[in-house]
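Quick note on labels: first sequence line is chain A, next is B, and so on, each numbered from 1.
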Number of protein chains: 2
Amino acid sequence: MPKPEVDPTVQLELSVDRSSPVPLYFQLSQQLEAAIEHGTLTPGSLLGNEIELAARLGLSRPTVRQAIQSLVDKGLLVRRRGVGTQVVHSQVKRPLELSSLYDDLEAAGQRPATKVLVNTLVPASAEVAAALGVAEDSDVHRVERLRLAHGEPMAYLCNFLPPGLIDLDTGQLETTGLYRLMRAAGITLHSARQSIGARAATTVEAERLAEETGAPLLTMQRVTFDDTGRAVEYGTHTYRPTRYSFEFQLLVRT
Amino acid sequence: MPKPEVDPTVQLELSVDRSSPVPLYFQLSQQLEAAIEHGTLTPGSLLGNEIELAARLGLSRPTVRQAIQSLVDKGLLVRRRGVGTQVVHSQVKRPLELSSLYDDLEAAGQRPATKVLVNTLVPASAEVAAALGVAEDSDVHRVERLRLAHGEPMAYLCNFLPPGLIDLDTGQLETTGLYRLMRAAGITLHSARQSIGARAATTVEAERLAEETGAPLLTMQRVTFDDTGRAVEYGTHTYRPTRYSFEFQLLVRT
DNA sequence: TCAATCTGAATGTCCGGACAATCTGACTAC
DNA sequence: GTAGTCAGATTGTCCGGACATTCAGATTGA
């Protein structure tokens, strides 16, 4: 049996700027996160007890606790009563944010391209009306886009938005993601309900994505809500599974 | 334009039991959550200010804040400085937990059944060794299961576990989920890295799931870590997309 | 030698207060 | 009537302290 790794407490250079408008707990948590990211705080190492840490920084214990807690919530740290706080070993990257395909592709270094197929107002079908919480047959935006990477079609995106929220400019839609446009329009995205499945491609779908009829497709439906609870977007997407899969990290709810 | 809904502050009957070992903030947050679930606190209604609430309950403001904060983290409440705290409109259910298929099915009222096909020790392949962080060709548990609902095959689950963590009893595997067994064995699940995709069924896969060769399958791979960062499970699952899809709610990271 | 017990250390919970930042709505001035 | 200003309300941040709970390791006893 391997000896139980007793990692040492790490002495870290930390400091806070009291004249800054940035909250003290936030300054501290960012420095700690950077140290973890950077490898200064190695996985398994203890953080040193809160009281001593507070004294060293000239902060109160609640403030230090708030900083630590935010990192615990992110899954970067683990607290053990009677033991201490230590850095988690595993390679936690990001606990699944409400991301856009465009941003994901851009972050992955693939230069994404978008072709807007449709950008118009249509009467809401029963399905769309139910998802967005608007009256049936009332006007909604309908946007159909083809997302390409390296010139190859990767996904077909069909989105519906309630009217009056945002001006949908076709030019802008081709150069950035829908979520970025919505945020820029002052909409605070809050939560989303997603459903991921698979099915065989119809002839029309196959043609759009340069696949064959009957080929497996990855499908995703999503309703997004802002912080007042309004549904602000409903989307039906199909992806080519050979080109795309959903990857994410998730934490256990405590 | 509909008038901007100004929802009233709700007067709620709340109480805490100081003799209980349950933390006060937790008692409060549970009562609030129940009231939201139950509909006593309607979406959009204000919660009443923290100071008055604290006074009414005989608690301090930090304790009340801690209770409220936990519900904000769950996405049930939204705070606005200068305004107050109000209940989110949207139907937030659960922010995607690390769930097991077995529990999901049971919660959905489908009486799940499991058929254990394989339960043995095998030398780790390169892929498995990398995922679990063990030496190649070292012994690992291999469990293959068929998950049925209403007598119909729904998913084929292949899992690998490092040795020494848990006794895998075939009988137990048939009556409950793997995650429940692991938790019962004292393993604290912490996070997981998942990948969801789709592909066409091979002949062998098709036969197992009563599908046809080439039929679309939903696939999921997952590595689960405990709170020390050890990989405790690696799984490769295939689902029948006509019978199963991944549904979850997610919150924007703040 | 092994098991039960004790002790120190660390986090968990809770209190009461203080001041700052921000939003809403009403008031005022033009 | 409209725009700017001001005051009140409410959450955000921070402090310092107190005691409870839990864990790991050392001590003690059989």
Side-chain angles (χ1 to χ4, degrees), chain A residues 3-10 16-30 32 44-73 77-87 186 188 227-228 254, chain B residues 3-10 16-30 32 44-73 77-87 186 188 227-228 254:
Chain A
K3 76 172 178 193
E5 308 172 26
V6 182
D7 292 309
T9 301
V10 174
V16 291
D17 175 10
R18 299 197 86 98
S19 67
S20 162
V22 178
L24 300 178
Y25 79 90
F26 193 74
Q27 292 184 36
L28 177 53
S29 74
Q30 278 198 319
L32 290 174
S45 59
L46 288 171
L47 206 58
N49 79 54
E50 298 170 348
I51 299 180
E52 190 267 343
L53 192 57
R56 218 169 76 214
L57 288 166
L59 297 173
S60 71
R61 190 178 161 219
T63 303
V64 172
R65 274 182 70 79
Q66 194 174 1
I68 292 177
Q69 188 58 46
S70 71
L71 297 181
V72 172
D73 291 339
L77 298 177
V78 177
R79 320 178 91 137
R80 278 176 219 271
R81 195 184 283 199
V83 180
T85 306
Q86 54 182 308
V87 181
T188 336
D227 58 2
T228 70
T254 325
Chain B
K3 75 174 179 194
E5 309 173 24
V6 182
D7 291 307
T9 301
V10 173
V16 291
D17 175 11
R18 298 198 87 97
S19 66
S20 162
V22 178
L24 300 177
Y25 77 90
F26 193 74
Q27 292 184 36
L28 177 54
S29 73
Q30 278 199 319
L32 290 174
S45 59
L46 288 172
L47 206 59
N49 80 56
E50 299 170 347
I51 299 180
E52 191 268 342
L53 193 57
R56 215 169 79 215
L57 288 165
L59 297 174
S60 71
R61 190 177 162 219
T63 304
V64 172
R65 275 183 69 79
Q66 193 174 359
I68 292 176
Q69 188 57 48
S70 72
L71 297 181
V72 171
D73 291 339
L77 299 177
V78 178
R79 319 178 94 137
R80 279 177 219 270
R81 194 185 285 197
V83 181
T85 305
Q86 53 182 312
V87 181
T188 338
D227 57 3
T228 70
T254 327

Atom-pair distance ([atom1] on [X]; [atom2] on [N]), nearest Å:
{"X": "A/Q86", "N": "D/dA24", "atom1": "CD", "atom2": "C1'", "value": "13 Å"}
{"X": "A/I68", "N": "C/dT11", "atom1": "CD1", "atom2": "C1'", "value": "10 Å"}
{"X": "B/I51", "N": "C/dC19", "atom1": "CD1", "atom2": "C1'", "value": "12 Å"}
{"X": "A/N49", "N": "C/dG12", "atom1": "CG", "atom2": "P", "value": "12 Å"}
{"X": "B/L57", "N": "C/dG16", "atom1": "CG", "atom2": "P", "value": "13 Å"}
{"X": "A/E50", "N": "C/dT13", "atom1": "CD", "atom2": "P", "value": "11 Å"}
{"X": "B/L24", "N": "D/dC19", "atom1": "CG", "atom2": "C1'", "value": "13 Å"}
{"X": "B/L28", "N": "C/dC14", "atom1": "CG", "atom2": "C1'", "value": "13 Å"}

Which nucleotide in D/dC14, C/dC15, D/dT21 has an atom nearest any side-chain atom of B/L59: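 Ranking D/dC14, C/dC15, D/dT21 by closest atom to the B/L59 side chain puts C/dC15 first.
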Per atom distances to the B/R65 side chain, the nearest of C/dC15, C/dT13, D/dT11 is D/dT11
Position toward the 5' end of DNA chain C (nearest nucleotide), B/R61 or B/Q66: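 In this pair, the answer is B/Q66.
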Return whichever of B/R79 or A/G58 has its heavy-atom-nearest nucleotide of DNA chain D closer to the 5' end.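 Looking at DNA chain D, the more 5' nearest nucleotide goes with B/R79.
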Please tell me which of A/G82 and B/Q69 maps to the more 5' nucleotide of DNA chain D, matching each residue to the nucleotide holding its nearest heavy atom. B/Q69
With a 4.5 Å heavy-atom cut-off, do [X] and [Y] have their side chains touching?
{"X": "B/L53", "Y": "B/R65", "result": "no"}
{"X": "A/T85", "Y": "A/Q69", "result": "no"}
{"X": "A/L24", "Y": "A/L28", "result": "no"}

B/D227 CG to A/R79 CZ distance, which is reported to the nearest 0.5 Å: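 Reported value, rounded in 0.5 Å steps: 14.0 Å.
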Looking only at side-chain N and O atoms, does [X] come under 4.0 Å of OP1 or OP2 in [N]?
{"X": "A/Y25", "N": "D/dC14", "answer": "no"}
{"X": "A/T63", "N": "D/dT13", "answer": "no"}
{"X": "A/S60", "N": "D/dG17", "answer": "no"}

Mind checking if B/P62 touches a base, just sugar-phosphate, or nothing, with heavy atoms under 4.0 Å?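 Base contact - B/P62 has a heavy atom under 4.0 Å of at least one base atom.
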When you measure from the side chain of A/E50 to the backbone N and O of A/V64, does any donor-acceptor pair fall under 3.5 Å?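 No.
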Determine whether a donor-acceptor pair (one donor, one acceptor, N or O, separation below 3.5 Å) exists between the side chain of B/R80 and the base of D/dG12.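 Between D/dG12 and B/R80, which were checked side chain against base, a qualifying N/O pair under 3.5 Å is absent.
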